[in-house]
Each structure stands twice: as structure tokens, then as C-alpha cells.
There are 2 protein chains.
Amino acid sequence: MSAIAKRRERERAQRHQLIITAARELAEAEGWEAVTTRRLAERVEYSQPVLYSHFNGKGAILRAVAIEGFGELGARLRRARLATPEPPEALHAVCRAYLEFAAEQPALYQAMFVLPTDVKFAHAETPPPLRAAFAEFVSCFRSDNLRRELFAEVTWSALHGIAALSDSGRIPPDGQAERLDFLVTQIAGTPGGPAPL
Amino acid sequence: MSAIAKRRERERAQRHQLIITAARELAEAEGWEAVTTRRLAERVEYSQPVLYSHFNGKGAILRAVAIEGFGELGARLRRARLATPEPPEALHAVCRAYLEFAAEQPALYQAMFVLPTDVKFAHAETPPPLRAAFAEFVSCFRSDNLRRELFAEVTWSALHGIAALSDSGRIPPDGQAERLDFLVTQIAGTPGGPAPL
DNA sequence: ACATAATGTCTAGCGCTGCTAGGGTGATGT
DNA sequence: ACATCACCCTAGCAGCGCTAGACATTATGT
């Protein structure tokens, strides 16, 4: 491949990322309903068809944003877990990190977990960053806990419920800390078996 | 008011309900993205502007569907609770009824709890049916439990997380019973105080 | 009974959306 | 220098939520 072709490919990759970043910023600033192909094209200073030469459509752009988000969420959860050596507090820290992520970047969170998507969850084609993020929850529970996956799944679901209802104004933004404390306390409890953590 | 005017008002109220029902059925059959004002008008056999003489816009129709849903959900939760006299099983029954409601009528559930809305939750203007539905969760906990509202809120959030992630394909549809059992067991546990139920 | 007024509904159209066909421009390789 | 090719833009389609204005139809007053 010629140097010229290489340069073009490099520029193309940059533009690819530029589109993703622009969509994400626009969504975070004005919500996803403001992210139209026209406004996005204007923002990246190209015409609309250029978007379609990079992505199969608006849905594919949204998907790319979501996958970028999975990577960042996983990294954040991992950091929270590793910074907290004691297992009980690790679960608490990871859950808090999750809610902070959702609250700080609501549009990104929506792309990942609320808006319709064709990203496969808990499936053979699940993107590695998503698997890794889920694995952080699993790692909060003892490896001899035979139902770790179930624990992690329900924990994640409960956090998502809190994040989603809070973001859409269906529960008050105040009191997140109390909800988090209560949830973690109950999940870490031992009503029906050995200590999970 | 003349009899003629009364008849017209009656017909108008019927048409009002017809629009709500048509929107709901169309959403349940093909999803909310298929509910356009044109298709809805065609379905009720009137022109588009008629919709706008009944509702302030598409959002108001969605809101009307959601409020209808709150009433039905509340009734269902109440039935589940009253049919189960023992408190621990009452919580379980109410939670199961909630998940069944969400799974059986996913579009209605979305209108109530997922799609953007201007319905006020936990607020002075909260629609009574919504307050009543939430009160069913609160009633599952002992009246001497000073944190009943918090318990109910987190329980509801966790259920919503399970329902929403399941409906959008982000967790597998199988295993809902295990998730429900685990959640209720943990919520009903007593890690930090007196028995909540 | 007739003209007037008021009510209700429809047709047509605005500015927007996601998406795409086709042409034209400029760089590339011979 | 020329032919080729890759690239990008203009223009347009069908459908969206929503609304202005024309048109009947119905009720009212004389």
C-alpha cells in the first residue's frame, strides 16, 4: 500500500472517530433527539453522505458511541474495585462508580442501556468491552459463590433501575446515596446461604 | 345544556378514548416508533387535525396512555397483595405481578416508565393512580418501618431495571423467576435492623 | 322558512427527519 | 499530458409532527 493510501486511511480513521465524538458531545449537550444527521454533518464540517460512508446509518453511529462507553465504564468500575481492597466495600465502590458514570454522562448512558439497540448482551457476539464491564460486577463476589452471575445480574439491574428512573425524572435526584447504601447492604446480606462477598 | 350538546359531548368523549386505545394497540402491535399521527388518524378513521382537537400533540396522547396504565398497574398490584395475606409472600407476589405486567404489555410499560415524559413523579401534581400504584409497594412493608418509602423506592427501581433490561434484550428473558426470587429474598433480609415486612 | 352565525372536519402545506442517487471535481498512476 | 479513479457534494424522496384556511353541516334568531 502506498504512503498516500496509508495517509488517506489514517485520515479516514480520524474522521470516523470525529463523527463518534461529535455525536456524543451533541447528545450530551442537547439530548439524543437533537442529534440529527444534518446537524451532525454540519458539526464535523462534511456533508450528510459522508456519515453514511462511515456508518450504516444513524443507528450504527449510536452503536459506536455505546461501545465506546462500555470501554470507559468497564475501566471506571475496575479502577473503583482495585482501589478498594476489602470485598464488602469493593461492591459498594463499584456500584457507586456505576451510578456516578450514569449521572455524569446521561446521554452516553442512554445510548448504552436505554435506547433501542442491536448490540448483543450475554451472547456469543457480545463486544469484549461489555463483557469486561459485567465481569467487574461478578468479581465483587466470592469465587466460590455458585450464583455470582445471578448476583451480578440483579445488582446491575437494580443499579440500572435507579439510574434510569433518576435520569428520566421519575425518582428525585436527591437520596441516591441512601438508595445505594440500602441496595448494597441488602445485596451483601446473607438471608439464604453463605456470605456472598 | 341541550340534549344535542350532551350527545355531542358524549361522542367526543368516546372518540377521545378511542384515540387512546388505538394508540395503545398500535404501539403494542408494532412498537411506539410505528405510532405516527398519520397512522393513528387513519386507524380512528378521522383526519390528523382531529387528534389535535383532543390532545395537545403526540406527547399528550402518550401521556394519556401512560396514565391509563398506572391505573391498571395499581389495580393489579393491589389484587396480588390482597390475594396473599402473609407479608413476606405479599412482597413476592406484588413484585411478580409487576414483572408480569411489564412483560405482557411492553409498549404500555415503556410509555409509563421508559419514554421521555412530563408526568410528575413523587411530586404534588403526581396523578393519583400513580401514587396509588407506588403505595402498593409501600404497603408491603411493616408500618413501623421508618424507611418504608426507601424500601419501596429501591424495590421498585430494581424491578424496573429487570423489566427494562429484559424488554430491550439486554438480559436474557429466561431466568426472570430466579432474579425475582433472589431480589425479594435480599430485600426482605435483615442485615441492618428489624424485620422490614 | 330563511338568512346568519357557529361548529366541526378536511385538504393542503410547512419545515423537519433519515437516507440516497447522480454528477462533478480533483488527485493519482501511466 | 492524459485517463482513471476515488472522493464528496448538491439535490431530492418519502415520511414525520403540526397547523392554517377552506368547506360543510348544524344550530340559532327573525
Side-chain angles (χ1 to χ4, degrees), chain A residues 1-20 22-24 26-27 29-66 107 110-111 115-118, chain B residues 1-20 22-24 26-27 29-66 107 110-111 115-118:
Chain A
M1 182 185 297
S2 76
I4 289 171
K6 274 191 195 169
R7 188 211 63 209
R8 288 218 275 224
E9 196 157 316
R10 217 168 45 230
E11 288 173 351
R12 194 178 163 75
Q14 282 181 8
R15 203 170 51 178
H16 188 91
Q17 183 58 45
L18 177 65
I19 294 170
I20 296 175
R24 181 173 163 176
L26 186 52
E30 307 185 34
W32 281 109
E33 75 282 356
V35 181
T36 69
T37 56
R38 280 172 178 78
R39 289 199 61 184
L40 192 50
E42 189 186 11
R43 210 176 159 104
V44 299
E45 298 178 313
Y46 283 94
S47 66
Q48 279 178 281
V50 170
L51 303 180
Y52 291 86
S53 76
H54 284 273
F55 298 96
N56 246 348
K58 194 182 172 181
I61 299 176
L62 222 140
R63 183 191 162 105
V65 171
Q110 281 178 18
L115 301 182
T117 185
D118 55 357
Chain B
M1 182 185 299
S2 76
I4 289 173
K6 275 191 193 169
R7 188 212 63 207
R8 288 220 274 226
E9 196 157 316
R10 216 169 47 231
E11 288 174 349
R12 194 176 163 75
Q14 282 181 9
R15 203 171 51 177
H16 188 91
Q17 183 58 45
L18 177 63
I19 293 170
I20 296 174
R24 180 174 164 175
L26 187 51
E30 307 185 31
W32 281 109
E33 76 282 356
V35 181
T36 70
T37 56
R38 281 172 177 80
R39 289 200 60 184
L40 192 51
E42 188 186 12
R43 209 176 161 103
V44 297
E45 297 178 313
Y46 283 94
S47 65
Q48 279 179 281
V50 171
L51 303 180
Y52 291 87
S53 76
H54 284 274
F55 299 96
N56 246 347
K58 192 182 173 179
I61 299 177
L62 222 140
R63 182 190 163 105
V65 171
Q110 282 177 17
L115 300 183
T117 186
D118 54 358

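These numbers come from a predicted model, not from an experiment.
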How close or far is atom [atom2] of [N] from atom [atom1] of [X], stated in whole angstroms?
X: A/E33; N: C/dG18; atom1: CD; atom2: P; value: 12 Å
X: A/L51; N: D/dC8; atom1: CG; atom2: C1'; value: 12 Å
X: A/L62; N: C/dC19; atom1: CG; atom2: P; value: 11 Å
X: A/R8; N: C/dG26; atom1: CZ; atom2: C1'; value: 10 Å
X: A/E11; N: C/dA27; atom1: CD; atom2: P; value: 12 Å
X: A/R39; N: C/dC19; atom1: CZ; atom2: C1'; value: 19 Å
X: A/H16; N: D/dC8; atom1: NE2; atom2: P; value: 15 Å
X: B/K58; N: D/dC18; atom1: NZ; atom2: C1'; value: 12 Å

Is there a side-chain contact between [X] and the phosphate of [N], meaning an N or O under 4.0 Å from OP1 or OP2?
X: A/T37; N: C/dG18; answer: yes
X: A/R15; N: D/dC7; answer: no
X: B/T36; N: D/dC16; answer: yes

Would you find more than 12 non-hydrogen atoms of other residues, nucleotides or ligands less than 6.0 Å from B/D118 atom CG?
yes

Distance-only donor-acceptor test (3.5 Å): side chain B/R38, base D/dG15:
no

With a 3.5 Å cut-off and heavy atoms only, can you find an N or O donor on one side and an acceptor on the other between the side chain of A/Q48 and the base of D/dC9?
no

Paired with B/R12, the side chain to side chain contact (heavy atoms under 4.5 Å, CB included) test is passed by just one of B/R10, B/Q14, B/R15, namely B/R15

With the side chain defined as heavy atoms from C-beta on, A/Y52 is closest, among C/dT9, D/dG17, C/dT20, to C/dT20

C/dC10, C/dC19, D/dA6: which one has an atom nearest the side-chain heavy atoms of B/S47?
C/dC10

Salt bridge B/E42-B/R38, side-chain N to carboxylate O under 4.0 Å
no

Report the residue (B/Y46 or A/P49) whose heavy-atom-nearest nucleotide on DNA chain C is the more 5′ of the two.
B/Y46

A/I19 versus A/V44, closest heavy-atom pair with distance:
CA-CG1, 4.0 Å

Between A/E11 and A/R7, does the salt bridge (charged side-chain N to carboxylate O under 4.0 Å, His left out) criterion hold? Intermediate values first, please.
CA-CA 6 Å; A/E11 288 173 351; A/R7 188 211 63 209; 3.5 Å; yes

